Amino acid sequence: MKNIILCGFMGCGKSTVGRALSQLADMKFIDTDSFIEENKKMTISEIFEKFGEKHFRLLEKEAAEKLSDIGGFVIATGGGMLLNSEIAEIFKKNGDIVFLDTPLSIILDRLKNDSSRPLLMRPDRDEYIPKLHRERYPKYLSAANIKFDTSNLTAFQSAKQILEIIKNQRM
Ligand code: S3P
């Protein structure tokens, strides 16, 4: 059974929309950050601190391989995961990749007080997030086969529309 993979910037709603999608489609839900944390028995921040970002990116690739092999998941990926074109290829073999395009203003608001994301633990976060968003945007676009604008929609509304798009594409 195919996967539905959600990608996009930190705070774009991958987990919330993903959970709604998994309920509507009656599929299992998995968040790659939680999957890695459970396997390693460490938080993402601890993994970054102890082993570095490069190692975390390898763990993401391993997670993609495993989840792609199993299938039948709605997968909320980490915001940096689909920047790796090899991971995009792995996921494409067994699923649809949906880029959740959420306005930067909403993303900024959601990430305002966040302390769980190691990449954002820096004094210039307000300038850094828009810069990173600009750099990453074309990569999310090229990784995904579906781009979905979540503006003004609840998670369930987004999930319902995404499911329709996927059903039509798979017919
Ligand atoms: C990251 C996003 C995070 C997490 C890690 C790195 C990124 O996931 O994987 O902190 O590079 O954008 P979320 O997108 O779920 O916040």
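Side-chain atoms are counted along with the backbone in the values below, which use heavy atoms only and exclude waters and symmetry mates. No experiment lies behind these values; they were computed from the predicted model shown. When a ligand or atom number is given, it counts from 1 through the structure's own listing order.
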How long is the gap from CG on Leu119 to CG on Leu132, to the nearest 0.5 Å? 7.0 Å
By salt bridge (Lys or Arg N to Asp or Glu O under 4.0 Å) - contacts of Lys147 (at least two apart): Asp101
Can you list every pair where an N/O of ligand 1 is under 3.5 Å from an N/O on the protein?
| unit_1 | atom_1 | unit_2 | atom_2 | d |
| --- | --- | --- | --- | --- |
| ligand 1 | 8 (O) | Asp33 | OD2 | 2.8 |
| ligand 1 | 8 (O) | Gly79 | N | 3.4 |
| ligand 1 | 9 (O) | Asp33 | OD1 | 2.8 |
| ligand 1 | 9 (O) | Asp33 | OD2 | 3.2 |
| ligand 1 | 11 (O) | Arg57 | NH2 | 2.7 |
| ligand 1 | 11 (O) | Gly80 | N | 3.4 |
| ligand 1 | 11 (O) | Arg136 | NH2 | 2.8 |
| ligand 1 | 12 (O) | Gly80 | N | 3.3 |
| ligand 1 | 12 (O) | Arg136 | NH1 | 2.7 |
| ligand 1 | 12 (O) | Arg136 | NH2 | 3.4 |
| ligand 1 | 14 (O) | Lys14 | NZ | 2.5 |
| ligand 1 | 14 (O) | Gly79 | N | 2.8 |
| ligand 1 | 15 (O) | Asp33 | OD2 | 3.4 |
| ligand 1 | 16 (O) | Arg117 | NE | 2.5 |
| ligand 1 | 16 (O) | Arg117 | NH2 | 3.1 |

Look at Lys131 together with Glu135 and state whether they make a salt bridge at an N to O cut-off of under 4.0 Å. yes
Hey, could you give me each pair passing ring pair (Phe, Tyr, Trp, His ring centres under 6.0 Å) that has a residue in residues 71-94? Not counting sequence neighbours. none
Can you name the residues that form a side-chain contact (heavy atoms from CB on, under 4.5 Å) with Ser34, not counting sequence neighbours? Asp31, Glu38
Hey, are Lys93 and Glu89 close enough for a salt bridge, meaning a charged N less than 4.0 Å from a carboxylate O? no
